[in-house]
2 protein chains.
Amino acid sequence: MSKHRHTLSVLVQNEAGVLSSLSGLFSGRGYNIESLTVAPTLDPAFSRVTIVTFGDDAVIEQISKQLNRLINTIKIVEFSSEDCIDREFVLCKVNVKEETRSDVLRVVEVSEGKVVNITPRVYTLQAIGNESQIATFIELLRPFGIKELVRSGKVVISRENEFINVKQNVGI
Amino acid sequence: MSKHRHTLSVLVQNEAGVLSSLSGLFSGRGYNIESLTVAPTLDPAFSRVTIVTFGDDAVIEQISKQLNRLINTIKIVEFSSEDCIDREFVLCKVNVKEETRSDVLRVVEVSEGKVVNITPRVYTLQAIGNESQIATFIELLRPFGIKELVRSGKVVISRENEFINVKQNVGI
């Protein structure tokens, strides 16, 4: 059996109880959700859920089929890294001292991040990127002392391709 | 009874079933979750969940108390807009024509966004900001034709204040 990370994008009706039954399908099989984001689409009657989970391909396929059968599910797509653009962001507080301040700012600069709040001893930073860019940003800051860190979880959008029309639209 | 939007930041153990029981507390009362993000913290044994919901203050307080009693909940904080920095991001595909291309790029520029993919007729864009900045970004792009839009949901971090030490640390 082959275990991989899976990224699912699920279009659902924006109603109470949808998230609970959706996440229940994973926990019912003992599968942990690594990250999940859900927010309304352009049409607020619908929400899009992005789920990252790790596990056996066959089990994920079974879960996908069950997701499809949920009354509030409109559409479900599994993305590979080739057919989508993935982004996540992180907000983090880093300790700064007189002698490390410029080094912290250099990390922000090379990562195309931003300083969103400053106090004499702590900078609050944001950065957005794909998984490896965010991992690098965090590793570069770790030596300075990360006081607090919050990440958004992965969000994906299908890669637009006007020439080869593959999995182009996930929905609304 | 006063109804408001509420932003809850919940630190939980990173285990299967936590998200399901957490979201079940909302749906059990017929409360819809507007947006939710969950991702691991610096210590992968824990995850942080950010929930935005709309409802009666007293009911949200009851849900918070029940959340606190869940075995996997470590800490829960409700944030007001004054004591946190909030960010969300959006990925969207906008139709472009020869005559609108520079207008679309101007919106990206003033919004401090980024073009992440280009085809002759569609630009895929990203932007990060607080709620009103993201709402503005979307409204500015709407006239060009938004083909697809995915948003991350709100993520918050406590506002650092070295002078008045209020609700400074949510946890890890």
Side-chain angles (χ1 to χ4, degrees), chain A residues 9 14-20 23-24 26-28 30-42 47-48 50 85 87-89 91-93 112 114 116-117 119-122 124 126 128 138 146-163 169-172, chain B residues 9 14-20 23-24 26-28 30-42 47-48 50 85 87-89 91-93 112 114 116-117 119-122 124 126 128 138 146-163 169-172:
Chain A
S9 177
N14 186 3
E15 282 176 16
V18 177
L19 191 58
S20 178
S23 49
F26 288 85
S27 58
Y31 268 51
N32 192 20
I33 289 172
E34 189 179 310
S35 79
L36 181 147
T37 69
V38 54
T41 63
L42 256 193
S47 292
R48 189 179 308 277
T50 311
I85 292 162
R87 288 290 182 275
E88 56 185 299
F89 78 90
L91 290 170
C92 73
K93 292 182 186 168
E112 297 182 53
K114 200 172 170 180
V116 291
N117 195 43
T119 68
R121 278 168 298 192
V122 178
T124 305
Q126 79 179 29
I128 180 168
I138 294 169
I146 297 176
K147 206 183 157 199
E148 199 178 331
L149 179 145
V150 193
R151 49 204 301 172
S152 66
K154 196 195 272 188
V155 168
V156 294
I157 196 163
S158 61
R159 193 173 282 278
E160 191 66 17
N161 193 327
E162 289 178 12
F163 313 106
N169 292 308
V170 194
I172 288 154
Chain B
S9 177
N14 185 4
E15 282 176 17
V18 175
L19 190 58
S20 177
S23 50
F26 289 83
S27 58
Y31 267 51
N32 193 19
I33 290 172
E34 189 178 312
S35 78
L36 180 146
T37 68
V38 53
T41 63
L42 255 193
S47 292
R48 189 179 308 278
T50 311
I85 292 162
R87 288 288 182 277
E88 57 185 298
F89 79 90
L91 289 171
C92 72
K93 290 182 189 169
E112 297 183 52
K114 200 174 170 179
V116 290
N117 195 42
T119 69
R121 281 169 294 193
V122 178
T124 305
Q126 78 179 30
I128 180 169
I138 294 169
I146 297 176
K147 204 182 159 200
E148 197 180 332
L149 179 145
V150 192
R151 48 204 301 171
S152 66
K154 196 196 271 189
V155 168
V156 293
I157 196 164
S158 61
R159 192 173 282 279
E160 191 65 17
N161 194 327
E162 288 179 12
F163 312 107
N169 293 309
V170 194
I172 286 155

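Throughout, protein chains are lettered first and strands after them, A, B, ... in sequence-line order, and every chain is numbered starting at 1.
For the options A/Leu91, A/Leu36, A/Val116, heavy-atom pairs under 4.5 Å to chain B are most numerous at A/Leu36. For the set A/Gly17, A/Ser152, A/Gly153, the entry with the most heavy-atom pairs within less than 4.5 Å of chain B is A/Ser152. Listed options A/Val150, A/Val38, A/Thr37 were ranked by heavy-atom pairs under 4.5 angstrom with chain B; first place goes to A/Val38. Comparing B/Thr50, B/Ile138, B/Leu19 by how many heavy-atom pairs each has under 4.5 Å with chain A, the most go to B/Leu19. Ranked by heavy-atom pairs shorter than 4.5 Å toward chain B, the options A/Ala16, A/Gly24, A/Ser35 are led by A/Ala16. In terms of non-hydrogen atom pairs under 4.5 Å with chain B, the most contact-rich of A/Pro40, A/Cys92, A/Gly30, A/Ser20 is A/Ser20. Counting heavy-atom pairs under 4.5 Å between each of B/Glu112, B/Arg87, B/Lys154, B/Glu34 and chain A puts B/Arg87 at the top.
Proximity to chain B (any heavy atom under 4.5 Å) is shown, for A/Phe26, by neither the backbone nor the side chain. Only the backbone of A/Glu88 comes within contact range of chain B, with at least one heavy atom under 4.5 Å from a heavy atom of that chain. Interface remark: B/Lys114 contributes side-chain atoms only to the contact with chain A (heavy atom separation under 4.5 Å). There is no contact between A/Val18 and chain B, counting heavy-atom distances below 4.5 Å.
Between the CD1 atom of A/Ile157 and the NZ atom of B/Lys93 there is a distance of 5.0 Å, given to the nearest 0.5 Å. Atom NZ of residue B/Lys147 and atom CG of residue A/Leu42 lie 13.5 Å apart, to the nearest 0.5 angstrom.
Across every non-hydrogen atom of A/Asn117 and B/Glu160, the tightest pair is ND2-O, 3.6 Å.
Remark: side-chain polar atoms of B/Ser47 are not paired, donor with acceptor, to backbone N or O of B/Asn14 under 3.5 angstrom.
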